[in-house]
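Okay, so here's the structure we're looking at.
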Amino acid sequence: MIMNPNKIKHVVIDGHSLNLESFVAVARYSATVELADSALEAMKKSRALAEKIADEGRVAYGITTGFGDFQKVAVPEEMSNQLSTNLILSHCTGAGEPYAEEVVRGMLLLRANALCGGVSGVRPVLVEMMIEMLNKGVHPWVPQKGSLGSSGDLAPLAHMTLPLLGKGQAYYQGQLMDGGEAMSKAGIATLDTLVCKEGLGMTNGTCAMTSVGSLALYDTICAAQLGDVIGSMDFEALTGLRNAFDPRIHQVRGQKGQMLVAENMRKLLAGSEILDNCQTDRVQDAYALRCIPQIHGAVRDALDYVRDKVEIELNAVTDNPLIFLEDEAVISGGNFHGEPMAIPFDTLGIACSEIANISERRTERMVNAALSNVLTPFLTTKPGVNSGFMIVQYSAASMVSENKVLAHPASVDSIPSSANQEDIVSMGTTAGRKARMIVQNTFSVLADELLTACQAIDVRRRLGTHGQGIAPVHEAILKHVREKVDFYEIDREIWPDILEVGKMIRSGELLDIVKEYIPDFQ
């Protein structure tokens, strides 16, 4: 069960304790951030070892050598600080529209938390500055495109780092300005230069993909729960057969998500007079109704997998090389590689697409008089002159089709870079960005479905063939919707209705209503 991150007001980072809710609390709801004392001490020790390695002139990637294919080029000690700074200046090559504020806040949080692990060799001041930026509302301007997700999110993280050096651009109090100006107005001192190892410490990592993908994951979990709720309202409007949710069916298959959704459906539909009066007129329903547990349940199982991988990555150390105090080892590896996130985020996009797919099919059944069990054509009470909900389904179908294109996995692609040193890349950032686009489409499809379900229930009541009583939780949701959106008697501009319901979908208020009636709803 997911808790409401808006209730979390303060988060302490130590490199080990972030979860999905606390991440969203900081990224989306501006919870304040504090550095744990244990993390500060760990970073101080790690930095001391990095300086010792540099002073001794030991061969260590990114400390006494260049980067990427320039690993073969030795860098003298007096140039090591310039090396780190140049990495940021040369790597800020992003393109496209900037990331939303919440994504950039997530990037800052994840980079700070990763460095708290005490194996990256950076000064604590970098983490302290990023925490100050989060708490004072300085958000770097970070273009969305330009990461291969291989040596980490190099370009996005370089853009994120520029304001720490008084460079680049950043938003402060809603205004885009020079990065140094934003930091000055917020009262945050900037650095003249990075020192050895810090360029890699700031840019090697999966923070962009993990930020955008984690927010998409949280939203998809909410969308999956809403799918159960709205699907159960459709079920009532279409006079579905509740025997499809008999627990014995689902127990003998044994799929965890399927059993959870079937239980949700039984709870959501309890107390429905309409359904009590229509359970013997046919044998079974179409798949979009009968197979809600099997389809929604498969989505839930996929989300469990993605959440497991995300919550590992929220606390992962993903730069290179890493410095270990026990034996003063400097080890070059590949923790920056995005594949552990790329495959989960592709899975996330596919799962979220399925929420929208079945949602649109249920909307079609409600507006199609041949499929709706005697609802009026397109849910209008005065057909011909009025089109009713005809084009609501068109719009949903459009977004569902777009999702099918976006759901093509990014992680199966690769392209070599850095003179073939980085010869297989993850495209994980693309996977995360696509998942975010898919879930926004899915929220809109669910808004279309909810608006249609409320209209269909009201039409069913007007027909009076199965009684008036609907499940109590549905009555509460219908009442909530009708406070902002009237019954669609004759054609009017419908887009404001869709936008209003879309706000309800995205705000979380509908799930709050459900949990008043079903406290253990998941």
Side-chain angles (χ1 to χ4, degrees), residues 23-24 26-30 33 87-112 114 126 129-186 188 190 199 202-219 338 341 345 349 402 406 410 427-441 443-444 506:
F23 168 80
V24 176
V26 174
R28 178 168 293 172
Y29 298 110
S30 299
V33 181
L87 180 67
I88 305 303
L89 303 180
S90 65
H91 283 40
C92 52
T93 59
E97 293 297 312
Y99 276 119
E101 176 184 299
E102 64 179 12
V103 176
V104 177
R105 287 183 60 81
M107 290 169 60
L108 287 165
L109 176 65
L110 292 175
R111 190 82 306 250
L126 295 182
M129 289 176 72
M130 286 187 282
I131 290 174
E132 204 171 0
M133 291 166 75
L134 286 167
N135 290 340
K136 293 184 176 180
V138 176
H139 307 122
W141 178 84
V142 180
Q144 293 189 35
K145 299 180 182 180
S147 176
L148 294 171
S150 54
S151 235
D153 288 309
L154 295 174
L157 289 173
H159 281 278
M160 185 198 76
T161 305
L162 285 172
L164 279 74
L165 297 167
K167 301 181 184 296
Q169 292 183 297
Y171 295 91
Y172 180 65
Q173 295 183 345
Q175 299 296 314
L176 180 63
M177 60 189 73
D178 176 81
E181 182 183 3
M183 297 287 274
S184 176
K185 287 188 173 182
I188 306 173
T190 56
M202 290 300 293
T203 58
N204 264 184
T206 61
C207 301
M209 71 179 77
T210 303
S211 180
V212 68
S214 296
L215 288 162
L217 170 61
Y218 174 78
D219 287 339
M341 287 291 92
F345 290 149
E402 182 172 276
L406 292 170
M427 296 297 182
T429 315
T430 302
R433 288 176 52 240
K434 290 194 305 92
R436 184 175 172 88
M437 288 187 276
I438 289 169
V439 73
Q440 290 307 314
N441 281 345
F443 276 147
S444 295
R506 289 173 169 84

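Note that this is a predicted model, so its numbers are computed, not measured. Note that these values count all heavy atoms, side chains included, but never hydrogens, waters or copies made by symmetry.
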task: Start with the C-alpha distance between Arg436 and Val103, add both sets of side-chain angles, then the distance that settles side-chain contact (heavy atoms from CB on, under 4.5 Å), and finish with yes or no.
output: CA-CA 11 Å; Arg436 184 175 172 88; Val103 176; 3.9 Å; yes
task: Please lay out, stage by stage, how Asn204 and Ser151 fare under the test side-chain contact (heavy atoms from CB on, under 4.5 Å).
output: CA-CA 6 Å; Asn204 264 184; Ser151 235; 4.1 Å; yes
side-chain contact (heavy atoms from CB on, under 4.5 Å) evaluation trace for Val212 with Phe345: CA-CA 10 Å; Val212 68; Phe345 290 149; 6.0 Å; no
- prompt: Step by step, would you call Met427 with Lys434 a side-chain contact (heavy atoms from CB on, under 4.5 Å)?
  reply: CA-CA 11 Å; Met427 296 297 182; Lys434 290 194 305 92; over 6 Å; no
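Remark: side-chain polar atoms of Asn135 are paired, donor with acceptor, to backbone N or O of Val33 under 3.5 angstrom. In terms of modelled atom types and a separation under 3.5 Å, the side chain of His91 and the main chain of Thr203 share no donor-acceptor contact. In this structure, Lys167 contributes its side chain and Leu162 its backbone to no donor-acceptor pair below 3.5 Å. In this structure, Arg105 contributes its side chain and Leu134 its backbone to a donor-acceptor pair below 3.5 Å. The closest donor-acceptor contact from the side chain of Ser184 to the backbone of Gly180 lies at 3.5 Å or more, if one exists at all.
Applying side-chain contact (heavy atoms from CB on, under 4.5 Å) to Pro163 and the options His139, Met183, Gln169 leaves one that passes, Met183.
Ser444 and Arg506 share a side-chain donor-acceptor pair at under 3.5 Å.
Residues Pro140 and Leu108 are in side-chain contact: their nearest non-hydrogen atoms beyond the backbone lie under 4.5 Å apart. Contact annotation: the side chain of Glu402 never approaches that of Met437 to less than 4.5 Å [non-hydrogen atoms, C-beta and beyond]. Between Ser211 and Tyr99 there is no side-chain heavy-atom pair separated by less than 4.5 Å. The shortest side-chain heavy-atom distance between Leu164 and Met133 falls under the 4.5 Å cut-off.
The salt bridge (Lys or Arg N to Asp or Glu O under 4.0 Å) test applied to Lys185 returns Glu181, not counting sequence neighbours.
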